[in-house]
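What follows is a set of notes on a single structure, which appears directly below.
Each chain gets a letter, A, B and so on, in the order its sequence line appears, and its residues count up from 1.
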Number of protein chains: 2
Amino acid sequence: MAKKKPPSRAECPVERSVDIIGDEWSLLVIRDAFDGVRRFGEFQKSLGMAKNILSTRLRHLVTHGILEVVPASDGSAFHEYVLTRKGRDLFQVLVGLRQWGEHHCFQPDEAHSVLVDTEQGRPVRALEVRSESGRPVTSTETVVKKVAEKKPRAKR
Amino acid sequence: MAKKKPPSRAECPVERSVDIIGDEWSLLVIRDAFDGVRRFGEFQKSLGMAKNILSTRLRHLVTHGILEVVPASDGSAFHEYVLTRKGRDLFQVLVGLRQWGEHHCFQPDEAHSVLVDTEQGRPVRALEVRSESGRPVTSTETVVKKVAEKKPRAKR
DNA sequence: CAATATGGTTTCAAAATGAAACCATCCGGA
DNA sequence: TCCGGATGGTTTCATTTTGAAACCATATTG
């Protein structure tokens, strides 16, 4: 839920991300936002979630700069929730979740939606993690380098 | 928590993924597993979570084939939890979360750990979503194509 | 200007969480 | 081999979060 906790001070970026968007509803709200959902009622209907929970989630995402509130695009007095740059930058994460789900959460004969590029109408490629030199690397070929203890710069 | 719910029948792969791993603890357990954590006590200490919750999460991840229980590598009678192929395939998702966190959840002067490839010891590249032709595409250049209503194949 | 749609908030029961106590097995040493 | 501690849990219970439903204020529509 929208955490009362102070912003995560973890040194691990994964942890900070998860602290913000690592709950089911937030990720699904973001997915809907990528799909063009903008209005409170649309989210609620699409996700089938309780209004109070949606309300806290939207507030949470706005607070964290992932969504922003803008005047309704149809000129009415209502407002809408749209992804910020920060929110759109979650694209790779959503694509990763999508591709993993496609690969591991469906039976071979089961149909699922597909992410296609609008230009060609063909499915996007599988995400690849690449080294700086461009070589694809697997998880076993990488390691997390802990942050060096910030050595206070010698006075100069 | 470990859901009692039957496996998600959503047609959206993102939703199925999120239904399985879309909670804070599961993702952090998986992150630790990528970092080589294998023992119950290690997870518990690393994550600082209650043992009962860790217990349900590990069971949940094992049930869903993301972790598997193997005999302890040190020959003791205890066992260990290691990522399966399915679990390792979450690499891109974790990398996505990491890179987003690095970019959006740290102050410019704040240090954070870094994922490097062991071969060169240099940070991996930023994930890119590419079209089938290899062109990088943004979220605005893609669309989710809903699954065609499975048309029962005409009898032949 | 009345009726309804929209976008919430409040209330309250049920479920999940987390801290702590408890417990069984394993291991290492005297 | 037997004792004490480490390991890997489960149980218990108070607190927190969730979710369904009722309620409410403003906006829009007829």
Side-chain angles (χ1 to χ4, degrees), chain A residues 1-6 8 10 15 18-30 32-33 36-64 67-83, chain B residues 1-6 8 10 15 18-30 32-33 36-64 67-83:
Chain A
M1 105 90 185
K3 294 297 164 40
K4 291 307 152 225
K5 302 193 299 190
S8 173
E15 188 163 338
V18 167
D19 284 346
I20 296 175
I21 57 165
D23 70 289
E24 295 94 304
W25 288 129
S26 290
L27 281 166
L28 293 178
V29 167
I30 292 164
D32 269 15
V37 172
R38 303 164 71 101
R39 297 282 283 254
F40 186 94
E42 283 184 290
F43 283 110
Q44 207 239 319
K45 190 158 94 166
S46 163
L47 297 169
M49 66 195 294
K51 294 162 78 175
N52 50 349
I53 306 298
L54 175 58
S55 185
T56 63
R57 283 310 184 293
L58 289 172
R59 194 164 26 239
H60 177 74
L61 292 172
V62 169
T63 298
H64 284 85
L67 296 177
E68 65 183 329
V69 175
V70 302
S73 48
D74 62 1
S76 77
F78 297 117
H79 57 257
E80 298 179 341
Y81 299 91
V82 302
L83 288 167
Chain B
M1 106 90 186
K3 296 295 165 42
K4 292 308 152 225
K5 303 194 298 191
S8 172
E15 189 162 338
V18 167
D19 284 345
I20 296 175
I21 56 165
D23 70 289
E24 295 94 305
W25 288 130
S26 291
L27 282 166
L28 293 178
V29 167
I30 292 164
D32 269 15
V37 172
R38 304 165 71 100
R39 297 281 284 251
F40 186 94
E42 284 184 289
F43 283 109
Q44 207 239 318
K45 189 157 99 166
S46 164
L47 297 169
M49 65 196 294
K51 294 164 77 177
N52 51 348
I53 306 299
L54 175 58
S55 186
T56 63
R57 285 310 186 290
L58 288 172
R59 195 163 28 237
H60 177 73
L61 292 172
V62 169
T63 298
H64 284 84
L67 295 178
E68 65 182 330
V69 175
V70 302
S73 48
D74 62 2
S76 76
F78 297 116
H79 57 257
E80 299 180 340
Y81 300 90
V82 301
L83 288 167

Original post:
What distance separates Trp25(A) CH2 from His60(A) NE2, expressed to the nearest 0.5 Å?
Top reply: 15.0 Å
Original post:
Looking at CD1 of Ile21(A) and OG of Ser26(A), how far apart are the two atoms once the value is rounded to the nearest 0.5 Å?
Top reply: 8.0 Å
Can you check the [X] [atom1] to [N] [atom2] distance for me, whole Å?
| X | N | atom1 | atom2 | result |
| --- | --- | --- | --- | --- |
| Asp74(A) | dA27(D) | CG | P | 14 Å |
| His60(A) | dT17(D) | NE2 | C1' | 14 Å |
| Met49(B) | dA16(C) | CE | C1' | 13 Å |
| Glu24(B) | dT18(D) | CD | C1' | 13 Å |
| Ile53(B) | dG8(D) | CD1 | P | 18 Å |
| Leu54(B) | dA16(C) | CG | P | 18 Å |
| Glu80(B) | dG8(D) | CD | P | 8 Å |

**OP:** Identify whether the distance between the nearest side-chain nitrogen and carboxylate oxygen of Arg39(B) and Asp74(B) falls below 4.0 Å.
**Re:**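 Looking at Arg39(B) and Asp74(B), the cut-off is met.
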**OP:** Name all pairs fulfilling the salt bridge (charged side-chain N to carboxylate O under 4.0 Å, His left out) condition that reach into residues 42-53 of chain A, sequence neighbours left out, sorted by first residue then second.
**Re:**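 Applying salt bridge (charged side-chain N to carboxylate O under 4.0 Å, His left out) to every pair that reaches into residues 42-53 of chain A, excluding sequence neighbours, yields nothing.
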Original post:
Reading nucleotides 7-15 of chain C 5' to 3', which nucleotides get B (base under 4.0 Å from a protein heavy atom), which S (sugar-phosphate only), which -?
Top reply: BBBBB----
Original post:
For dG18(C), does either OP1 or OP2 sit under 4.0 Å from a side-chain N or O belonging to Trp25(B)?
Top reply: yes
Original post:
Do the side chain of Gln44(B) and the main chain of Met49(B) share a donor and acceptor less than 3.5 angstrom apart?
Top reply: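 A pair under 3.5 Å: yes.
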**OP:** Check side-chain contact (heavy atoms from CB on, under 4.5 Å) between Thr63(B) and all other residues, then give those that pass, not counting sequence neighbours.
**Re:**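 With sequence neighbours excluded, Thr63(B) shows a side-chain contact (heavy atoms from CB on, under 4.5 Å) to Arg59(B), given in chain and number order.
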Original post:
For DNA chain D, whose closest nucleotide is more 5', that of Gly48(A) or that of Gly75(A)?
Top reply: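 Per heavy-atom nearest nucleotide, the more 5' residue is Gly48(A).
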